[in-house]
Amino acid sequence: MKLIIDELEERISKAMESVAAVRLCAAVVRPAADAKFGDYQANGVMALAKQVKTNPRKLAEEIVANLDLSDMCEPPEVAGPGFINLRLKADFLAARLLEINGDADRLAVDKAAGRKTIVVDFSSPNIAKQMHVGHLRSTIIGDAICRMLEFLGHNVIPQNHIGDWGTQFGMVILGLWHVCMAEEKYAGQEPYYRTELEEMKAHATDRKTLEDICRRIRKRQEEDWREDSYESTGDGKKLFRPFLDKLPTRDESVLWGKILSAYQYMNMLEETIAGMGLRNPTLVDGKVQDIPFELLSRHVTAMLQKGGKQNQQECDAWAHVRRLTMKQCNEIYRLLNVTLNDSHVRGESAYNDDLPGVVADLKKAGLAGESDGAVCVFPEGFKNKEGQPLPFIIQKSDGAYLYATTDLAALRYRVYKLKADAIVYVTDSRQKLHFEMLFAVARAACWAGEDTELTHVMFGSVLGEDGAPLKTRSGENVKLRELLDEAVERARAVVEQKNPELSEADKVKIAEAVGIGAVKYADYSNNRTSDYVFSFDKMLAMEGNTAPYMQYAYARIKSIERKAESKDVDIETELASVKELTLADAAELDLAKHLIRYGEAVAAAAADYRPNYLTSYLFELAQKFSAFYTNCPVLSAEPAKRPTRLLLCDLTARTIKHGLGELLGITVVEQM
RNA sequence: GCGCCCGUAGCUCAGUAGGAUAGAGCAUCGGUUUCCUAAACCGAAGGUCGCAGGUUCGAGUCCUGCCGGGCGUACCA
């Protein structure tokens, strides 16, 4: 069914148009600012009065006289300087409730008028790294957006644009090679990539000792590399090739831990050796050549990107690490109850072959040119520090491509191949300028026309209690896994305290739903554009706008339904046979009027990609239900009142379950 | 320097085209349990919407200046 607010907007706008003889009037219908003004108010008459230079109250009176809302509202009232106040009729309200009751799947929320193909770009973790708190917001906000748009009937294409290509992959591959050496050649010893990492950290300020350590590492690396061969020096055929081949059979969690360590080791090593003047041999075009040690990983990156038979090992190593990373990510997605899966992954590497074409096409179009050795586009309206045009760099002076290039290639793919009507990028607000320029270039190149909507759905940072971006005590990013585990653990402690008699299985289930739900809900309930302070205590509090409060409201309703049996109340029959409602108590009316507005909340949240509009609605719903619950007994109500109250309970439960569960991916529990 | 975002109750935040007396939650104070989960409910108190101008019948919302904070700003993503 059509949203009430839209229906009112349409009818009042038409009345305004005919009374004032002005085309395209806006009634500006909003929920009433105060319940004493009714349920809705139209604010647009004052602006119209100004436009046609007439008295707003008088104009409002005329509009009301030309308006027939008798099927929905009590006679409209003109108030204040020219507001039109509207109060829904009781029988209209009742009819709506019954309509919702009859629609189990959609709660009588219509699909959007025009079905669009919408690409949503979100989550985007990096290969060979663990997901950390920085990925939380993109992942869950993006998921909520997908779920809402999908529910509204759009063709949603989630895209997980993972960081699986780029300059750091040489380090990833070298890291894996170190894992191999530690296991195969130095088996039985503590892996050197771990001990040496600690060593480098310990002497971080002692340059002399660091140099000694790095020389030793370099020397061993050269020896290992020379030995790892059968046919020609450093071909990797002796140890690395067999190591790669048996990777698929390994215990993945153990291997994953090693990869993470080795990657950290490579990062540290490369940073440390810079400027030491060390050189190391490697194969360049089939010949052994000395190159600066710190350039080794970039050399390996180049081998990977070149591909082909000679670089098969590099490609295989990359593929293994990529596969393992996605397994870890999928595990987090499962925990977070996010719908992303492997079919949505289309990472940077997928666009690798398109990048030269992107640059060539932009050059051909006269948009891109060389500047200081780099290929740049200078979109209109962007200035740098000196007031000069700001470059959007699409190819570095060394020939390498950047994320600007990849994003352009992806955008083009999404418009041309996926037929996107809209592309939504869910990333943090620091990338605002990047996306503004990206969109400007895409428009200039006509890769996105006026009818293609490009939106940067940005969000703020997650802060610690100290107001700085959330980090561990040692200054590292907080691992998402650890964060979620702690939330579940804390929720478990509360369940244990509040409801010790529950079964172990129930406790586990409730703790996960409440813990994860709390983290997600806390994020959703904040305005996404602002930073927020992460606090377990606040998000797990049972009071206030939190997941547990919502889940508790739901659990109470389910409890009523369970109790019904022992009181010989057949809920199903009573609900199915309810034809007339007896909405009398203030709490009943208040709850009923809120229930019929679910569709408005979903539409508002989806239109602006703001989940907090939905959480606000749900919180108010739970509050109104709680008031109803304390004031209006259900099972012990007199027979005339009971069906209505049961219906209100059931609709509230279904709405919470739909909003929380289906649209936000927060699990509800039957008891807690 | 320039650009963008932010500044609302003691704290954390809403405020969806410029609309009526600026709202929640937490914390504080007071009340509610023979009754469906008190993980709850009801009430009280709490504000110069950073400051100063301007536009408007009407400004937390739009414009200008200032103060304070965050982020970004040519080869990271």
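In what follows, every chain begins at residue 1, and chains take the letters A, B, ... in the order their sequences are listed. When reading the values below, keep in mind they use all heavy atoms of this one structure, side chains included, and skip hydrogens, waters and symmetry mates.
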TODO: May I ask you to verify if any side-chain N or O of A:N612 is less than 4.0 angstrom from the OP1 or OP2 atom of B:G15?
DONE: yes
Task: N or O in side chain of A:R30 less than 4.0 angstrom from B:A17 OP1/OP2 - done: yes
TODO: Look at the aromatic rings of A:F536 and A:F534 and report parallel, tilted or perpendicular, splitting at 30° and 60°.
DONE: perpendicular
Open item on the list: Using a 4.0 Å heavy-atom cut-off, does A:E348 contact any base of the nucleic acid, only the sugar-phosphate backbone, or nothing at all?
Closed with: sugar-phosphate
Open item on the list: Considering every strand and a 4.0 Å limit on heavy-atom distances, what is the contact class for A:V634: base, sugar-phosphate, or nothing?
Closed with: base
- [ ] Report yes if the distance between the aromatic ring centroids of A:H434 and A:F392 is under 6.0 Å, otherwise no.
- [x] yes
Open item on the list: Would you say A:N527 and A:T529 are linked by a side-chain donor-acceptor pair, where the criterion is simply a distance under 3.5 Å?
Closed with: yes
Task: Exam field: side chain A:N55 to backbone A:K58, donor-acceptor pair closer than 3.5 Å - done: yes
Open item on the list: Just to be sure I understand the rule, does A:I557 reach a base, reach only the sugar-phosphate, or reach nothing, if contact means heavy atoms closer than 4.0 Å?
Closed with: nothing
- [ ] Give A:P391 one of three labels, base, sugar-phosphate or nothing, depending on what nucleic acid heavy atoms sit under 4.0 Å from its own.
- [x] base
Pairs: protein N or O with nucleotides 41-43 of chain B N or O, under 3.5 Å:
{"from": "B:C41", "atom 1": "OP1", "to": "A:Y549", "atom 2": "OH", "distance (Å)": "2.6"}
{"from": "B:C41", "atom 1": "O2'", "to": "A:T630", "atom 2": "OG1", "distance (Å)": "3.4"}

- [ ] Please identify each residue that fulfils ring-ring contact (aromatic ring centres under 6.0 Å, His included) with A:Y263, with sequence neighbours left out.
- [x] none
Task: Lys/Arg-Asp/Glu bridge criterion (N-O < 4.0 Å) met for A:R322, A:D164 - done: yes
- [ ] Look at all strands and tell whether A:A26 reaches a base, only sugar-phosphate, or nothing, counting heavy atoms closer than 4.0 Å.
- [x] base
TODO: May I ask you to say what A:C376 touches in the nucleic acid, namely base, sugar-phosphate or nothing, with a heavy-atom cut-off under 4.0 Å?
DONE: base
Task: A:N612 side chain to A:T615 side chain, donor-acceptor N/O pair below 3.5 angstrom - done: no
- [ ] Determine, for A:F83 and A:R57, whether the Lys NZ or Arg CZ falls below 6.0 Å from the six-membered ring centre while staying within 45 degrees of the axis.
- [x] no
Task: Paired and unpaired positions of RNA chain B as dot-bracket, Watson-Crick or G-U wobble under 3.5 Å, | denoting a partner strand - done: (((((((..((((.....[...)))).(((((.......))))).....(((((..]....))))))))))))....
Open item on the list: Judged by each residue's nearest nucleotide on RNA chain B, which is more toward the 5′ side, A:S371 or A:E9?
Closed with: A:E9
- [ ] Return the set of residues passing side chain to side chain donor-acceptor pair (under 3.5 Å) with A:R430 (not counting sequence neighbours), or none when no residue passes.
- [x] A:D428
- [ ] May I ask you to check whether A:Y609 and A:R528 show a side-chain donor-acceptor distance below 3.5 Å?
- [x] no
With the criterion being N/O to N/O and under 3.5 Å, what pairs connect the protein with nucleotides 1-6 of chain B, and how long is each?
{"from": "B:C4", "atom 1": "O2'", "to": "A:K432", "atom 2": "NZ", "distance (Å)": "3.4"}

TODO: For B:G15, take OP1 and OP2 only and decide whether either is under 4.0 Å from a side-chain N or O of A:N527.
DONE: yes
- [ ] Sequence neighbours left out, what passes side-chain contact (heavy atoms from CB on, under 4.5 Å) with A:V668? Give chain and number order.
- [x] A:Y554, A:I656, A:K657, A:L660
Open item on the list: For B:A20, does the base pair up with any side-chain atom of A:N85 as donor and acceptor (N or O, under 3.5 Å, distance only)?
Closed with: yes
TODO: Could you tell me whether A:A79 contacts a base, only the sugar-phosphate backbone, or nothing, with contacts defined as non-hydrogen atoms closer than 4.0 Å?
DONE: base
Task: Ring centroids of A:F37 and B:A20 base under 5.5 Å with planes under 30° - done: yes
- [ ] For A:Q395 and for A:S559, find the nucleotide of RNA chain B with the closest heavy atom, then tell me which residue's nucleotide is more 5'.
- [x] A:S559
TODO: Taking the six-membered ring for Trp and the full ring for Phe, Tyr or His, determine whether the centres of A:F122 and A:H135 are under 6.0 Å apart.
DONE: no
